[in-house]
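Chain letters run A, B, ... following the sequence lines, proteins first, then strands; residues in each count from 1. Just so it is clear, the structure is predicted and the values come from calculations on it, not from any experiment.
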Amino acid sequence: MDAPAAAIPGLIIHLDYDAFYCSVVEADDPALKFLPMAVQQKQIIVTCNYEARKRGLHKLQLVKEAKRMCPDLVIVLGEDLTRFRDASKALYRFVRAFSWNSRVERLGFDELWMDVTDQIDYNLSLLNPHNLAHSFFHLSRDDPTHGFAFDATTFAGTTFPSLTSLSTESPRSPSDITQTQDSLSLRLKVASHLARFLRSEIEHQKNYTATAGISTNKLLSKLVGNLNKPNGQTTLLPPYSGEQNNVTAFLDDHDIGKIPGIGFKLAQKLREFVLHRPAAFDDGLVYGGTRETVKVGDVRTHPDLDADRLEKVLSGPGSPHGIGLKVWGLLHGADYSEVRAARDTPKQISIEDSYLRLDTFDEVVKELRSLAISLLKRMHADLLEEEDEHSQDTIGPDSSEQTQAELPAPSSTRRRWMAHPATLRLSTRPRPPLNADGTRTRTFTRISRSAPVPNFVFSLSTPIESLAERLVNEALLPLFRRLHPEKTGWNLSLVNVAVANMAEAGGNAKSSVGQDIANMFRKQKSSIHSTGEKKVLPADEISKMEIGPAEVQESIAKLGYAADATISPVEEAHSPPQPSELHDGPLTDFIPPDARTGSEDMLVPTFSKDSRSDVDSGERDDVVGGDGDADDLGLCVVCGATMPSWALAGHARFHSP
DNA sequence: TTGTCTCAG
DNA sequence: GATTCTGAGACAA
């Protein structure tokens with residue numbers, strides 16, 4: 001929680017792909033690079049390339065307006081995000097391959113942070129202090145030839161403040177130039193060269209340009225990167241503390257609303273406090289002859305404000321605890337949030353469409369069908385994993401890059417669910433009823449209802465269209481009736497269908513196929529405790545219960561776990577299947593409601609008590625293999641998986657090196 | 001857990 | 001505070 005003041009700061013690179021949606025389109029059609037081009041969703045230009053920006057266009061502009069300003073604008077439809085999502089994933093995997101610690105965090109489709117502290121410190125330790133100008137950056141600990149030459153006496157790219165203007169001045173406060181500051185400067189220099197290298201790789205190998213910010217935390221790296229767009233990079237120079245530090249020099253001139261973490265609501269509260277009156281919505285406007293913009297410096301140096309008083313200013317019903325301290329820190333450039341390793345599955349998947357008018361039941365059914373199909377496709381794309389038996393032979397940073405997004409799965413490839421969403425949610429945005437007398441123009445946005453995800457959606461042997469039809473009839477329409485009990489009278493401007501509340505299976509394919517099992521369990525355990533997510537119960541947790549296999553089986557039975565349902569294909573009476581056949585058969589892709597576990601390698605019961613039995617009970621006839629004989633169960637002593645006894649020997653093979 | 005809100009691009 | 005189409009996290013009930 002409390003960050004040691006004397007700790008050596010980490011080094012963070014923020015990357016932002018330039019005009020991302022447009023770059024994706026241009027990658028497919030390079031001729032567009034030289035024309036003003038924009039991506040449209042409904043009546044909005046969501047982004048435009050720099051050719052278009054030269055003509056005064058900008059993000060989130062009405063299409064009408066954009067066409068008027070730029071009649072020769074090339075417009076590309078972008079309501080389907082699939083290509084953007086795929087490009088984003090491929091770029092992410094490409095960049096992550098350069099990381100040593102996997103701490104690469106995505107923000108939206110077009111931004112990411114990299115915590116490169118380990119790589120910088122390693123390279124610092126190998127620098128020759130007597131010949132910094134001819135340094136070599138090691139990209140690998142193992143291969144000393146893998147890397148690039150660089151000049152460690154200079155910053156790559158631009159800096160804030162700019163070095164040219166600074167070099168004419170005397171050092172800001174000579175006594176402040178301490179050992180740590182020199183070292184921070186050198187560390188930032190090395191990081192700036194890594195950032196330039198990464199941008200160059202992205203450009204030449206992937207055909208995307210990116211802008212980078214280099215500093216010691218997420219906040220500063222992201223903000224400082226904005227200074228040289230597109231295709232540039234900026235490093236925030238030390239000193240970072242003391243009377244005349246560059247952090248406050250940089251931050252103080254920002255509008256408070258530009259600080260990541262200070263959104264519209266918080267910004268309005270801060271403005272109101274500083275201005276002593278409600279701030280206008282459009283914060284550039286003049287209100288009563290006074291300035292409407294409030295800068296970071298105005299708040300930071302406000303005589304009546306400190307962290308405690310900020311807490312009172314910002315707190316209110318529903319506001320997070322400790323928001324004052326957090327914002328106070330942000331205003332000073334302090335951001336203790338970590339760069340988090342990306343999860344391998346999303347926490348939710350949602351599909352939505354907006355409408356000018358949607359007010360008949362038939363139309364709703366039609367739209368729900370189409371949304372349901374899209375949602376199921378997304379679930380397949382993002383939650384399914386191919387089970388490649390030879391994956392261990394092809395391990396490498398680049399090999400994973402070509403699997404999911406770029407190559408269609410061969411139909412023979414076996415697939416497994418990496419995570420199972422437990423909750424289905426339907427949201428709508430009713431159009432505010434026009435002002436009749438007495439009825440207020442309620443500015444409510446979205447309303448939602450949710451229910452358990454019916455288990456049939458996990459079937460891999462049923463056409464998506466059939467699943468979607470069932471999903472609409474059996475789940476979405478009931479939700480819709482709960483949302484809108486009136487037969488008529490409503491008019492929707494948006495419908496969203498989402499799955500959430502993922503129960504993850506353990507690990508990904510690579511780690512689950514007999515690699516670092518213990519490490520995988522550690523990860524699961526910490527996740528259980530830190531996030532409270534539903535997780536597969538790892539073996540060491542089972543053993544902590546101080547119960548033996550028999551008791552495990554008993555508690556499994558109490559949980560209603562159909563122990564052999566997920567693993568057992570249709571058993572041929574007299575010929576026990578070979579281990580490889582464990583994955584086969586038309587029935588194994590079906591997840592019984594009570595056994596939402598992970599891969600076939602990891603068959604252990606989940607924590608989730610089944611609150612869905614009643615809803616699912618209608619599906620029971622579809623649950624296969626549930627009539628197996630519990631006496632045949634065996635327990636794998638390595639991973640805790642429960643399975644039919646005849647499968648144990650074959651299963652053990654997965655754990656051998 | 002459900003539903004809403006705020007934040008982000 | 002909304003426009004598009006998302007996704008994460010936090011809070012109240």
Side-chain angles (χ1 to χ4, degrees), chain A residues 14 16-17 19-21 38-47 58-66 77-82 84-85 88 105-113 218-219 222 226 257-269 279-283 314-323 326-327 330 337 340 342-343 345-356 371 374-375 378 382 422-429 431-432 443-452 479 482-483 493-502 531-534 608-609 611-612:
Chain A
H14 177 262
D16 184 342
Y17 312 122
F20 180 62
Y21 282 14
V39 175
Q40 174 183 10
Q41 289 171 342
K42 298 293 168 2
Q43 71 269 41
I44 297 282
I45 295 297
V46 286
T47 193
H58 54 87
K59 293 176 178 178
L60 301 187
Q61 195 171 23
L62 287 174
V63 171
K64 272 189 178 179
E65 194 188 340
L77 277 183
E79 287 161 22
D80 183 345
L81 302 187
T82 306
F84 308 124
R85 186 156 33 226
S88 172
E105 179 177 338
R106 239 149 58 98
L107 180 62
F109 287 174
D110 69 331
E111 293 184 28
L112 58 81
W113 286 280
K218 286 165 65 176
L219 198 228
K222 177 173 164 63
N226 288 333
K258 291 288 195 297
I259 303 302
I262 303 182
F264 182 81
K265 296 284 185 179
L266 286 176
Q268 286 296 78
K269 284 184 182 176
F281 283 145
D282 189 338
D283 45 85
L314 299 178
S315 72
S319 67
H321 187 63
I323 186 68
K326 188 193 158 199
V327 167
L330 293 179
S337 65
R340 296 153 68 118
R343 66 183 92 254
T345 53
K347 306 208 83 171
Q348 62 166 342
I349 297 173
S350 74
I351 299 286
E352 69 186 35
D353 206 346
S354 59
Y355 310 91
L356 290 173
L371 291 169
S374 300
L375 182 68
R378 281 288 309 287
D382 292 357
T423 305
L424 177 73
R425 186 176 62 231
L426 176 68
S427 311
T428 64
R429 187 178 60 201
R431 209 172 287 285
T443 168
F444 56 92
T445 52
R446 287 143 107 106
I447 52 177
S448 70
R449 294 294 179 269
S450 47
L479 284 175
R482 282 213 274 143
L483 263 180
S493 62
L494 178 138
V495 178
N496 175 298
V497 181
V499 286
N501 196 5
M502 306 286 182
T531 70
E533 282 170 27
K534 282 183 298 203
S608 57
K609 270 283 277 178
S611 57
R612 320 144 33 121

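At the heavy-atom level, A/P317 lies nowhere under 4.0 Å from the strands shown. Residue contacts for A/Q40: at a heavy-atom cut-off of 4.0 Å it reaches no nucleic acid atom on any strand shown. Looking at heavy-atom distances under 4.0 Å, A/E352 makes contact with a base. Using a 4.0 Å heavy-atom criterion, one finds that A/G78 contacts no nucleic acid atom at all. Across all strands shown, A/L266 has heavy atoms under 4.0 Å from sugar-phosphate atoms exclusively, and none from any base. Within the nucleic acid shown, A/L371 has no heavy atom closer than 4.0 Å to any nucleic acid atom. Across all strands, A/Q61 comes closer than 4.0 Å to no nucleic acid atom at all (heavy-atom distances). Contact annotation for A/I44: base contact, defined as any heavy-atom pair under 4.0 Å involving a base atom. Among the heavy atoms of the strands, none lies under 4.0 Å from A/L62.
Remark: A/R482 is in phosphate contact with B/dG3, judged by side-chain N or O atoms under 4.0 Å from OP1 or OP2. In terms of phosphate contacts, A/K265 brings a side-chain nitrogen or oxygen within less than 4.0 Å of OP1 or OP2 of B/dT6. Of the side-chain N and O atoms in A/K222, one or more sit less than 4.0 angstrom from OP1 or OP2 of B/dG9. Phosphate contact (OP1/OP2 of C/dG7, side-chain N/O of A/S350, threshold under 4.0 Å): present. Within the 4.0 Å cut-off from OP1 or OP2 of B/dT4, at least one side-chain nitrogen or oxygen of A/S448 is found. The phosphate of C/dG7 (OP1 or OP2) has a side-chain N or O of A/R378 nearer than 4.0 angstrom. Remark: A/R85 is in phosphate contact with C/dG7, judged by side-chain N or O atoms under 4.0 Å from OP1 or OP2. Regarding contacts with the backbone of C/dC5, a side-chain N or O of A/K42 is found under 4.0 angstrom from either OP1 or OP2. Residue A/R446 places none of its side-chain N or O atoms closer than 4.0 Å to OP1 or OP2 of C/dC5. Remark: A/S319 is not in phosphate contact with C/dC11, judged by side-chain N or O atoms under 4.0 Å from OP1 or OP2. The side chain of A/R106 places no N or O atom within less than 4.0 Å of a non-bridging phosphate oxygen (OP1 or OP2) of C/dT6. In this model, the phosphate group of C/dC5 is approached by a side-chain N or O of A/S354 to a distance below 4.0 Å at OP1 or OP2.
Pairing each heavy atom of A/R482 with each of A/S450, the nearest pair is NH2-O, 2.7 Å. Of all heavy-atom pairs between A/L426 and A/L483, the closest is O-CD1, 3.5 Å. Nearest approach of A/F109 to A/S88, heavy atoms of both residues: O-OG, 2.7 Å.
Among the nucleotides B/dC7, B/dA8, C/dA10, the one closest to the side chain of A/P320 is C/dA10. Closest to the side chain of A/T445, from the set B/dG3, B/dC5, C/dA8, is B/dC5. With C/dT3, B/dT2, C/dA8 as the choices, the nucleotide that has an atom nearest any side-chain atom of A/S450 turns out to be B/dT2. Closest approach to the A/R449 side chain among B/dT1, C/dG1, B/dG3 is made by B/dG3 (side chain taken as heavy atoms from C-beta onward). The side chain of A/F264 approaches C/dG1 more closely than any other nucleotide in the set B/dG9, B/dT1, C/dG1.
Rounded to whole Å, atom P of C/dC5 lies 18 Å from atom CD1 of A/I349. Residue A/L77 contributes atom CG, which lies 14 Å from atom C1' of C/dC5 at whole-angstrom precision. The distance from atom CD1 of A/I262 to atom P of B/dG9 is 13 Å, rounded to the nearest whole Å. The distance from atom CG of A/L81 to atom P of C/dC5 is 8 Å, rounded to the nearest whole Å. In this structure, CG of A/L112 is placed 18 Å from P of B/dA8, rounded to the nearest angstrom. Look at CD on A/Q268: it is 18 Å from P on B/dC5, rounded to the nearest Å. Taking atom CZ on A/R429 and atom C1' on B/dT4, their separation rounds to 15 Å, with Å as the unit. As rounded to whole Å, 11 Å separates atom P of C/dA10 from atom CD1 of A/I323.
If you run side chain to side chain contact (heavy atoms under 4.5 Å, CB included) between A/V499 and each of A/L375, A/I351, A/T423, only A/L375 comes through.
C/dT6 sits 16 Å from C/dA2 when the C1' atoms are compared, rounded to a whole Å. Spacing between C/dT4 and B/dG3 at atom C1', rounded to whole Å, works out to 23 Å.
Considering only residues two or more places apart in sequence or on other chains, A/K326 meets the salt bridge (Lys or Arg N to Asp or Glu O under 4.0 Å) condition with none of them. For A/K59, the side chain to side chain contact (heavy atoms under 4.5 Å, CB included) test picks out A/T47, A/R53, with sequence neighbours left out.
A residue-by-residue look at A/D353 and A/H321 shows that A/D353 has its nearest nucleotide of DNA chain C further toward the 5' end. Remark on DNA chain C: of its neighbouring residues A/Q43 and A/D382, the 5'-side contact belongs to A/Q43, judged by nearest-heavy-atom nucleotide.
How far CZ of A/R429 is from OH of A/Y355: 11.0 Å, rounded to the nearest 0.5 Å.
Applying the 3.5 Å distance criterion, the base of C/dA8 shares a donor-acceptor pair with the side chain of A/Q348.
Within 6.0 Å of NE2 in A/H321 there are 12 or fewer heavy atoms belonging to other residues, nucleotides or ligands.
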